[in-house]
Amino acid sequence: MYSLQPILILCIIAYAQAITILFDGRIPKGTRPTDFDNGVTAYNPKFVHGQNQTWNDIINTDTLPSSLFDGSEFQALKLSLTDSSIFVPNPAVIQNGFRRSELLPKSGAGLTSGVTTFHFSLMKDPKNPLNLAHEYQLVFIEPNDGTHVFEIKYGTAYQNTANPPAVDKYTADTLRLM
């Protein structure tokens with residue numbers, strides 16, 4: 001008996017290679033953290049990290065395992081979120097309830113129209129556990145109107161109040177697709 005699986009796999013590979021890539025956010029091998037500050041990468045050097053931080057402070061590319069999509073041309077990166085990663089959009093608005101470090105494309109043209117496929121990978125670092133009392137928006141797509149197409153969150157839901165909510169470890173330690 002013959003299997004159709006090899007033919008199906010070849011068809012999927014051929015289709016994937018024929019798709020026009022609107023934005024390739026993979027990081028070429030040899031990219032240094034300072035390249036993110038200098039605008040050398042596909043990402044906007046101005047957005048978004050904590051006050052008085054640079055990308056060089058929070059990105060690490062040294063000896064990280066590659067993802068399945070990296071191949072031999074690309075490398076993984078690690079973004080550090082610390083208590084310095086508090087986003088301050090203006091002096092009157094300090095977002096203390098969550099930590100923020102976002103790599104945003106230099107240009108968002110065409111990224112949120114038509115049919116789009118996103119590939120990303122996430123990995124917990126047991127040596128650097130996240131503080132479950134804070135909310136982390138790990139992946140999200142935000143068109144120019146500020147809405148979110150989807151988002152993956154982790155930690156305790158952000159509430160901009162003086163009294164943070166109690167941490168429910170079971171709920172907080174779960175990825176949430178919104």
Side-chain angles (χ1 to χ4, degrees), residues 9 12-82 84-89 95 98-130 134-155 158 174-178:
I9 290 171
I12 291 170
I13 290 170
Y15 176 73
Q17 291 176 345
I19 294 173
T20 301
I21 296 176
L22 301 175
F23 173 77
D24 190 345
R26 294 178 293 180
I27 312 302
K29 287 218 185 228
T31 300
R32 300 177 317 262
T34 53
D35 293 337
F36 290 86
D37 290 312
N38 298 330
V40 177
T41 69
Y43 295 97
N44 189 326
K46 297 178 185 175
F47 301 106
V48 169
H49 46 67
Q51 223 177 7
N52 303 315
Q53 284 186 319
T54 66
W55 290 113
N56 189 46
D57 295 333
I58 58 178
I59 289 180
N60 180 350
T61 56
D62 298 333
T63 63
L64 296 171
S66 295
S67 79
L68 296 175
F69 297 103
D70 287 336
S72 61
E73 299 175 46
F74 302 98
Q75 64 185 5
L77 65 79
K78 177 181 179 180
L79 273 176
S80 295
L81 290 170
T82 67
S84 297
S85 303
I86 296 171
F87 182 56
V88 182
Q95 297 179 342
F98 64 97
R99 307 303 181 252
R100 193 169 177 178
S101 294
E102 302 170 20
L103 286 171
L104 303 177
K106 281 183 185 170
S107 169
L111 295 181
T112 57
S113 63
V115 176
T116 307
T117 303
F118 296 93
H119 296 273
F120 53 87
S121 60
L122 305 168
M123 183 173 69
K124 283 173 111 175
D125 183 352
K127 296 177 190 168
N128 298 300
L130 296 173
H134 301 295
E135 179 176 79
Y136 301 92
Q137 292 184 7
L138 303 174
V139 178
F140 64 93
I141 302 301
E142 183 179 78
N144 292 336
D145 66 5
T147 60
H148 285 194
V149 175
F150 76 88
E151 52 195 34
I152 296 178
K153 295 182 175 188
Y154 183 77
Y158 173 68
T174 303
L175 288 175
R176 298 182 314 280
L177 178 62
M178 313 297 273

Item to check | Trace of the side-chain contact (heavy atoms from CB on, under 4.5 Å) decision for Leu103 with Thr41 | outcome: CA-CA 10 Å; Leu103 286 171; Thr41 69; over 6 Å; no

Checklist entry - Would a distance-only check, ignoring hydrogens and angles, find a side-chain to backbone donor-acceptor pair under 3.5 Å from Tyr43 to Glu102? => result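 Judged by distance alone, no pair lies under 3.5 Å.
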
Checklist entry - Do Asn38 side-chain atoms and Val40 backbone N/O form a donor-acceptor pair below 3.5 Å? => result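 Absent.
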
Checklist entry - Within a reach of under 6.0 Å around CZ of Arg32, are more than 12 heavy atoms found that belong to other residues, nucleotides or ligands? => result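 It does not: Arg32 CZ has 12 such atoms or fewer within range.
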
Next on the checklist: Quick check for you: to the nearest 0.5 Å, what is the distance between Asn52 atom CG and Ser84 atom OG?
Outcome noted: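 The OG atom of Ser84 is 8.5 Å from CG of Asn52, to the nearest 0.5 Å.
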
Checklist entry - Say you draw a straight line from OG1 of Thr61 to NZ of Lys29; how long is it, rounded to the nearest 0.5 Å? => result 10.5 Å

Checklist entry - Using the ring of each side chain (for Trp, its six-membered ring), is Phe36 parallel, tilted or perpendicular to Trp55, with breaks at 30° and 60°? => result tilted

Locate the shortest heavy-atom distance separating [X] from [Y]; write the atom from each residue and the value.
X: Gln53; Y: Gly50; value: OE1-N, 2.8 Å
X: Gln75; Y: Thr31; value: NE2-O, 2.9 Å
X: Pro45; Y: Asp37; value: CB-O, 3.5 Å
X: Pro33; Y: Ile59; value: CG-O, 3.4 Å
X: Asp125; Y: Lys78; value: OD2-NZ, 3.1 Å
X: Ile58; Y: His49; value: CD1-CB, 3.7 Å

